[in-house]
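Predicted, not measured: the structure shown is a model, and the values here were computed from it. All chains are named by letter (A, B, ...) in the order of the sequence lines, taking the proteins before the strands, and each is independently numbered beginning at 1. Hydrogens, waters and symmetry mates play no part in the numbers below; they use all other heavy atoms, side chains included.
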Protein chains: 2
Amino acid sequence: MVRPERTFTISELAREFKVTPRALRFYEDKGLLAPQRDGLNRVYSGRDRARLVLVLKGKSVGLPLVEIKELLDLYNADEQHRAQNEAALKKFRERLVALEEQRHDIEGAIDALKDGIARLEQVLAEKAPAATISAARAYEREARRRLAEA
Amino acid sequence: MVRPERTFTISELAREFKVTPRALRFYEDKGLLAPQRDGLNRVYSGRDRARLVLVLKGKSVGLPLVEIKELLDLYNADEQHRAQNEAALKKFRERLVALEEQRHDIEGAIDALKDGIARLEQVLAEKAPAATISAARAYEREARRRLAEA
DNA sequence: CGTTTACCTGACGCTAACGTCAACGTCAAG
DNA sequence: CTTGACGTTGACGTTAGCGTCAGGTAAACG
């Protein structure tokens with residue numbers, strides 16, 4: 001019983017993984033997927049679907065499509081998956097380092113922003129007593145808006 | 001004594017802030033800077049320099065140039081700096097939220113990667129007994145490297 | 001038979017922040 | 001005089017990952 005493996009249309013897969021058909025065609029263009037054809041129409045197999053899962057996982061950790069492709073290619077070429085695993089491991093580690101650096105940068109930016117926010121809040125608090133005309137106007141607008149909402 | 005304020009050439013500023021002259025011209029193109037001219041040559045004043053500092057600070061927290069421009073424009077228009085401060089505060093807060101979300105995403109990706117790395121390491125460790133030629137070579141290289149270091 | 005519906009293939013557009021190149025001007029030093 | 005350093009203005013190129021047409025095919029429905 002060679003159960004005739006399930007297949008998928010482009011929009012089925014698109015729906016399932018919340019990507020657009022355009023994206024799937026794009027991945028194909030880039031050599032990440034290679035579905036069969038029924039005439040012109042793409043027919044995705046279970047393996048294609050699995051590959052797509054890997055593509056999306058790669059994307060989720062920020063790997064560029066070209067690198068994902070490399071991994072997928074290796075995966076095919078290397079039946080033992082040995083070199084593939086080593087390569088993946090290497091890429092993953094590199095990505096990890098890059099991500100941790102990014103996180104560090106972002107944390108720096110966050111600190112800088114919090115600092116700036118604190119300063120601004122202080123300045124505004126000091127100025128608050130001597131409210132400007134524009135502030136008064138803003139208050140008026142806001143008041144009207146709330147009345148309108150009610 | 002109106003000490004003739006110091007001025008800067010494009011490459012001076014570029015060197016000082018480690019940006020390219022091209023970048024400075026680009027900022028000007030985008031309306032972020034507006035240095036005087038001596039003939040065709042740009043002449044940056046102290047105020048221009050100060051603006052540049054703000055531009056770079058904005059960049060460092062990930063604000064797009066267009067938004068930095070908005071803030072700078074406001075800064076000029078609003079002598080009391082009141083609206084400017086409020087606007088900046090708003091943008092900063094938005095940016096902060098965005099950055100914290102980014103950090104969250106990155107942390108998710110980092111976890112996913114660490115997970116993947118752990119799996120791969122395990123797989124490779126299991127396969128290790130039946131070491132491949134490439135692994136043996138890698139070991140050799142590593143061994144030589146350590147010897148060389150000592 | 002006509003009309004949706006789903007699918008296809010190009011091919012150009014878009015965003016951000018510059019890089020790069022061409023072609024030229026200007027000025028001091030050798 | 002010529003060379004080199006520095007400056008200028010366009011204008012096109014780059015990177016990633018698709019979005020968005022335009023224009024056409026093919027099958028299924030009523």
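Counting only heavy atoms from C-beta on, Thr9(B) has its side chain closest to dG7(D) among dC8(C), dG7(D), dC7(C). Of the listed nucleotides (dG19(D), dG19(C), dC7(C)), dG19(D) has the atom at the smallest distance from the side chain of Thr20(A). Across dT20(D), dT9(D), dG19(C), the shortest atom-to-atom separation from the side chain of Arg37(B) is found for dT9(D).
In this structure, Leu40(A) places its CG atom 10 Å from C1' of dG24(D), rounding to the nearest Å. Separating the CZ atom of Phe17(A) from the C1' atom of dG17(D) is a distance of 19 Å, rounded to the nearest angstrom. Summarising the geometry, the separation between CD on Glu12(B) and P on dA5(D) is reported as 17 Å, rounded to the nearest angstrom. For Tyr44(A) and dC8(C), the OH to P distance is 7 Å, given to the nearest whole Å. Following rounding to the nearest Å, Gln36(A) (CD) and dC7(C) (C1') show an atom-to-atom distance of 17 Å. Protein atom CZ of Arg22(B) is 13 Å distant from nucleotide atom P of dC12(D), rounded to whole Å. Between the CG atom of Asn41(A) and the P atom of dT5(C) there is a distance of 17 Å, given to the nearest Å. Across the protein-nucleic acid pair, Asp38(A) atom CG and dA26(D) atom C1' stand 10 Å apart, rounded to whole Å.
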Problem set entry | Asp29(B)/Arg25(B) under salt bridge (Lys or Arg N to Asp or Glu O under 4.0 Å): CA gap, chis, key distance, verdict | CA-CA 6 Å; Asp29(B) 234 51; Arg25(B) 295 192 192 104; over 6 Å; no

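Electrostatic pairing of Arg42(B) and Glu28(B) counts as a salt bridge here, judged by a charged N lying under 4.0 Å from a carboxylate O. Ionic pairing of Arg95(A) and Glu67(A) is not present here: no N-O contact between side-chain nitrogen and carboxylate oxygen is shorter than 4.0 angstrom. A salt bridge links Glu121(B) to Arg93(A): one of the charged nitrogens lies within less than 4.0 Å of a carboxylate oxygen. Remark: Glu86(A) does not engage Lys90(A) in a salt bridge, criterion side-chain N to carboxylate O under 4.0 Å.
Hydrophobic clustering of Ile, Leu, Val, Met, Phe, Trp and Tyr side chains at less than 4.5 Å, counting indirect connections, keeps Tyr27(A) apart from Val66(A). Note: the hydrophobic cluster containing Val53(A) also contains Ile10(A) (ILVMFWY, side chain heavy atoms under 4.5 Å, direct or indirect links).
Considering Lys59(A), Arg51(A), Lys30(A) in turn, Lys59(A) is the only one that fulfils the side chain to side chain contact (heavy atoms under 4.5 Å, CB included) rule with Ile68(A).
A heavy atom closer than 4.0 Å to some atom of DNA chain C occurs in Lys59(B), Pro64(B), Leu65(B), these being the qualifying members of residues 49-70 of chain B. Interface residues of residues 24-32 of chain B facing DNA chain C, ordered by number: Phe26(B), Tyr27(B); criterion, heavy-atom separation under 4.0 Å.
Taking a 6.0 Å sphere around CD of Gln36(B), one finds it holds 12 or fewer heavy atoms contributed by other residues, nucleotides or ligands.
Arg42(B) contributes no side-chain N or O that forms a donor-acceptor pair with the base of dT8(D) under 3.5 Å.
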